[in-house]
Amino acid sequence: MNKNMQDQLNALKLEMEQAVSKAKTDNELGEIEVKYVGRKGQLTAVLKGLAALDAKKRAKIGALANLIKQDISHAIASKKAELQDASLGTLADAEHADVTEPGIRPPEGHLHLVTVAIREISAIFEKIGFTRTRYPEVDWDYYAFESLNMPPDHPARDEWETFFMDAPVSKKGKMVLTPHTSNAQVRELERGEMPVRMINIAKCYRRQSDATHVPMFHQFEGLYVDKGVAITHLRGALEYFAKAFFGPERKTRLRPHHFRFTEPSFEIDVSCGVCNGTGFGADKQKCRVCKRGWLEIGGAGMVHPNVLKAGGVDPKKYSGFAFGWGVERTYMMKEGMQIDDIRILYKQDVRFLKQF
Ligand code: FA5
């Protein structure tokens with residue numbers, strides 16, 4: 001046997017075994033395989049040298065070389081399995097989950113304050129038989145003004161600081177972004193079903209922005225029309241709402257006012273929840289919201305005969321009351337709210353919204 005070749009093979013075996021045992025990744029093992037037992041590998045090169053040996057030596061050295069090749073292939077395979085086991089162990093550790101542990105709550109949002117207020121207001125009025133309706137928020141001038149006893153060019157319209165639509169004009173006039181929910185009054189009467197007990201809550205738009213005004217806000221409009229409806233019913237309904245929404249402590253008052261679509265007309269004030277009706281803030285300055293202890297939150301009155309007529313209702317037989325309040329202002333006056341600028345409701349500042 002060629003002693004030299006045998007030593008060479010044994011030395012190669014030792015080198016390969018050490019390389020395999022040091023390997024840390026599948027890639028390294030792949031490289032070792034190529035380097036030693038691949039087609040151009042070192043062991044393969046030794047085997048190629050066998051041709052030069054005589055038959056007897058060739059058989060012995062060949063057998064040894066094949067044995068080494070097998071051992072190395074086994075060593076590589078078992079190292080691969082070992083590395084895989086180890087990596088699965090690491091994965092199992094990393095992904096270990098104890099299903100009995102309490103879970104982690106995902107962050108939860110909540111409804112916007114205005115949506116909460118709308119739901120609460122609807123529920124309060126539903127209890128006294130008012131049904132929530134929906135009417136257009138982009139409507140004809142006729143429903144927003146003319147049918148409400150405000151003919152075109154009437155100065156009373158100025159108060160509503162209206163956005164007009166750049167759209168074709170019809171028999172019912174221009175289209176407007178509804179500046180109040182009163183557009184629902186004649187639309188509801190036109191349905192011709194008596195009695196009417198509607199609560200219409202919708203978006204309104206006006207060219208206004210300050211601590212108590214936003215250009216897009218919501219109103220809730222009540223309309224009650226039946227035989228024998230009197231001003232006492234109006235008072236009763238508003239008192240009921242104010243107590244249900246603000247609690248028994250808060251005060252409301254009616255002030256005479258003028259609306260073209262009600263007669264008599266009133267404005268409704270509620271004692272301010274920001275300054276507790278004192279008119280002064282914690283800094284001893286005038287309250288930013290009300291300035292005088294009371295905040296106007298809506299208008300009301302007995303439905304004008306011309307409005308009943310526009311809706312096809314005979315004012316000699318029927319009478320009714322109507323009111324329209326701002327949802328945001330009403331909500332700002334709720335116990336403990338302390339919101340001193342209406343615009344914050346629409347700033348989408350999560351730090352503010354999260355507090356409720
Ligand atoms: C009206 O809009 C009448 N349509 C109310 C009415 C209905 C009277 C039925 C009689 C019968 P006024 O313009 O005062 O009235 O608005 C009513 C309420 O809407 C205000 O008191 C206020 O609470 C709210 N409001 C008005 N403009 C804004 C605004 N720019 N931002 C926030 N709230 C507003």
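Atoms within a ligand are numbered from 1 in the order they appear, just like the ligands themselves. Since the structure is predicted, the reported quantities are computational estimates derived from the model, not experimental observations.
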Is it the case that the side chains of Tyr135 and Glu188 hold a donor-acceptor pair, with the cut-off being a distance below 3.5 Å and no angle test?
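A donor-acceptor contact under 3.5 Å links the two side chains.
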Step by step, work out the side-chain hydrogen bond (donor to acceptor under 3.5 Å, both in side chains) result for Thr25 and Asn27.
CA-CA 5 Å; Thr25 63; Asn27 270 355; 5.3 Å; no
Does the pair Asp141/Arg157 count as a salt bridge with the N-to-O cut at 4.0 Å?
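A salt bridge is present here (some side-chain N lies under 4.0 Å from a carboxylate O).
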Tell me whether the rings of Phe241 and Phe220 are parallel (<30°), tilted (30 to 60°) or perpendicular (>60°).
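Phe241 and Phe220: tilted rings.
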Residue contacts for ligand 1, heavy atom to ligand atom, distance under 4.0 Å:
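Contacting ligand 1 under 4.0 Å are Trp160, His180, Ser182, Gln185, Arg206, Gln208, Thr212, His213, Val214, Phe217, Gln219, Glu221, Phe259, Phe261, Thr262, Glu267, Glu296, Ile297, Gly298, Gly299, Ala300, Ala322, Phe323, Gly324, Gly326, Arg329, Ile342.
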Exactly one of Arg343, Arg329, Glu161, Arg206 should register a side-chain hydrogen bond (donor to acceptor under 3.5 Å, both in side chains) with His213. Which one does?
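It is Arg329; the other options fail the test.
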Remaining members of the apolar cluster that contains Val176, side-chain heavy atoms under 4.5 Å:
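Besides Val176, the hydrophobic cluster comprises Phe164, listed by chain and residue number.
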